[in-house]
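What you see is a predicted model; the values in this text were computed from it and never measured.
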Amino acid sequence: MLDPISAFAIAQGAIKGIQAAIKMGKDVQGITNDVMKFFDAKEKVAKEAVKDPKKKYSSDTSQAMSTVMQLHELNKAEEELKWHFINQGQSALWTQIVLERNSIVQRRKVQEILDAKAAKNRKAEIDEAITMGLCILVAAAIIMLVAWGVIEMKGKL
């Protein structure tokens, strides 16, 4: 998995590519690949920065500062990108991108919740099956012991 520092470096590279393409006069379609790289890396920075327990920071505050500053820089770059779309007369396209992103995030979160519930239910079913199997095994052992005891007593009578 990509660590937040590498993802941030990729995002910065994508930003530089976007800025260079804009200076060369490329339109929105001409920067699509760099824009996708930027958003992929930005999302990884946001996700991985919060769940990077191996990261060695001297304090929680320095980790927070690093994360916040990286996301601040990436949000600023996203805002500049939005204005580029608007200046190119593509504000409707930008709006569609943002709406679709929000829709994808919402669907992904719903799916994650459903997957977690399904995993929890599956674990409960497995636990129940194991418990039932053990109960049957114990019951069979008790029945065998009782039967053996009865046979032994009949033999002594």
Determine whether I86 and L93 fall in the same hydrophobic cluster, where Ile, Leu, Val, Met, Phe, Trp and Tyr are linked whenever their side-chain heavy atoms lie under 4.5 Å apart. no

Distance-only criterion, 3.5 Å: show the donor-acceptor pairs between side-chain atoms of residues 112-122 and protein atoms not counting sequence neighbours.
residue	atom	partner	partner atom	Å
D115	OD1	Q111	NE2	2.8
N121	ND2	K117	O	3.4

Lys/Arg N to Asp/Glu carboxylate O, D127 vs K123, below 4.0 Å: yes

Should I126 and L134 be counted in the same cluster of Ile, Leu, Val, Met, Phe, Trp and Tyr side chains packed under 4.5 Å apart? yes

Quick check on the hydrophobic clustering: are V68 and V45 connected, directly or via other members, by side-chain heavy-atom contacts under 4.5 Å? no

Rounded to the nearest 0.5 Å, what separates atom CE in M65 from atom NE2 in H72? 10.5 Å

Can you run down the salt bridge (charged side-chain N to carboxylate O under 4.0 Å, His left out) pairs that involve residues 88-104, sequence neighbours left out, and say none if there aren't any? E78-R101, E100-R107

At what distance, to the nearest 0.5 angstrom, does CZ of F39 lie from CG of L81? 5.5 Å

Interatomic distance, L137 atom CG to M132 atom CE [nearest 0.5 angstrom]: 14.0 Å

A14 and D34: which non-hydrogen atoms are nearest, and at how many Å? CB-O, 3.5 Å

When rounded to the nearest 0.5 angstrom, what distance separates CD1 in I97 from CE in M36? 10.5 Å

Those residues at least two apart in sequence (or on a different chain) that pass side-chain contact (heavy atoms from CB on, under 4.5 Å) with Q88 are D27, V28, H84, Q90

Using a 3.5 Å distance criterion without hydrogens, assess whether the side chain of S103 forms a donor-acceptor pair with backbone atoms of L99. no

Between K82 and E79, does at least one N-O distance fall below 4.0 Å, as a salt bridge requires? yes

Just to verify, which of N33, I31, I18 counts as forming a side-chain contact (heavy atoms from CB on, under 4.5 Å) with F38? I18

How far does CZ of F8 sit from CG of L74, to the nearest 0.5 angstrom? 5.0 Å

Do I15 and Q19 have side chains that get closer than 4.5 Å, going by heavy atoms? yes

Should the pair R108-E43 be classified as a salt bridge under the 4.0 Å nitrogen-to-oxygen rule? yes

